[in-house]
Amino acid sequence: TTTPSELSAISTDEAVVASRNGTRFHLPECPGAKQISESNRITFASVALARAAGYTPAQNCPELGL
């Protein structure tokens, strides 16, 4: 489980993206986010909303501070 302090590298109100078929969220500029097809991409207005939907931070997105 990721703690709030692990997400301190980004603003918690920054938009993040995820795949409808996945479980991880990314910042829009992260490499993993760019691999999500437009038809499967969903955008959350904040990290909190992504987490509330059951998504967790992507480990291959360095800007998330993991």
Side-chain angles (χ1 to χ4, degrees):
T1 304
T2 304
T3 64
S5 63
E6 291 175 315
L7 294 175
S8 63
I10 64 167
S11 169
T12 57
D13 62 353
E14 185 169 350
V16 294
V17 298
S19 171
R20 294 181 194 281
N21 303 323
T23 60
R24 305 287 184 166
F25 64 83
H26 309 262
L27 292 174
E29 64 274 8
C30 288
K34 294 175 182 177
Q35 295 178 4
I36 303 170
S37 69
E38 287 298 319
S39 61
N40 286 330
R41 181 183 300 248
I42 54 175
T43 301
F44 294 98
S46 69
V47 168
L49 290 173
R51 292 179 64 79
Y55 289 84
T56 57
Q59 293 180 350
N60 66 344
C61 190
E63 290 83 3
L64 288 175
L66 299 175

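As a basis for the values below, the full set of heavy atoms in this structure was taken, side chains included, without hydrogen atoms, waters or symmetry mates. Position 1 is the first residue of the sequence; numbering continues from there. Remember, it's a predicted structure, so these values are computed and weren't measured experimentally.
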Listed partners of Ser37 passing side-chain contact (heavy atoms from CB on, under 4.5 Å), at least two apart: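 side-chain contact (heavy atoms from CB on, under 4.5 Å) list for Ser37, sorted by chain: Ser39, Asn40.
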Tell me, which pairs form a salt bridge (charged side-chain N to carboxylate O under 4.0 Å, His left out) where one or both residues lie in residues 52-61, sequence neighbours left out?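 Not a single pair qualifies under salt bridge (charged side-chain N to carboxylate O under 4.0 Å, His left out).
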With ring-ring contact (aromatic ring centres under 6.0 Å, His included) as the rule and sequence neighbours excluded, what pairs involving residues 42-61 come up?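 Checked against ring-ring contact (aromatic ring centres under 6.0 Å, His included) - neighbours excluded - the pairs reaching residues 42-61 are Phe44-Tyr55.
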Review item, side-chain donor-acceptor pairs of residues 17-36, under 3.5 Å, at least two apart:
residue: Ser19; atom: OG; partner: Asn21; partner atom: N; Å: 3.1
residue: Arg24; atom: NH1; partner: Thr56; partner atom: OG1; Å: 3.2
residue: Arg24; atom: NH1; partner: Pro57; partner atom: O; Å: 3.1

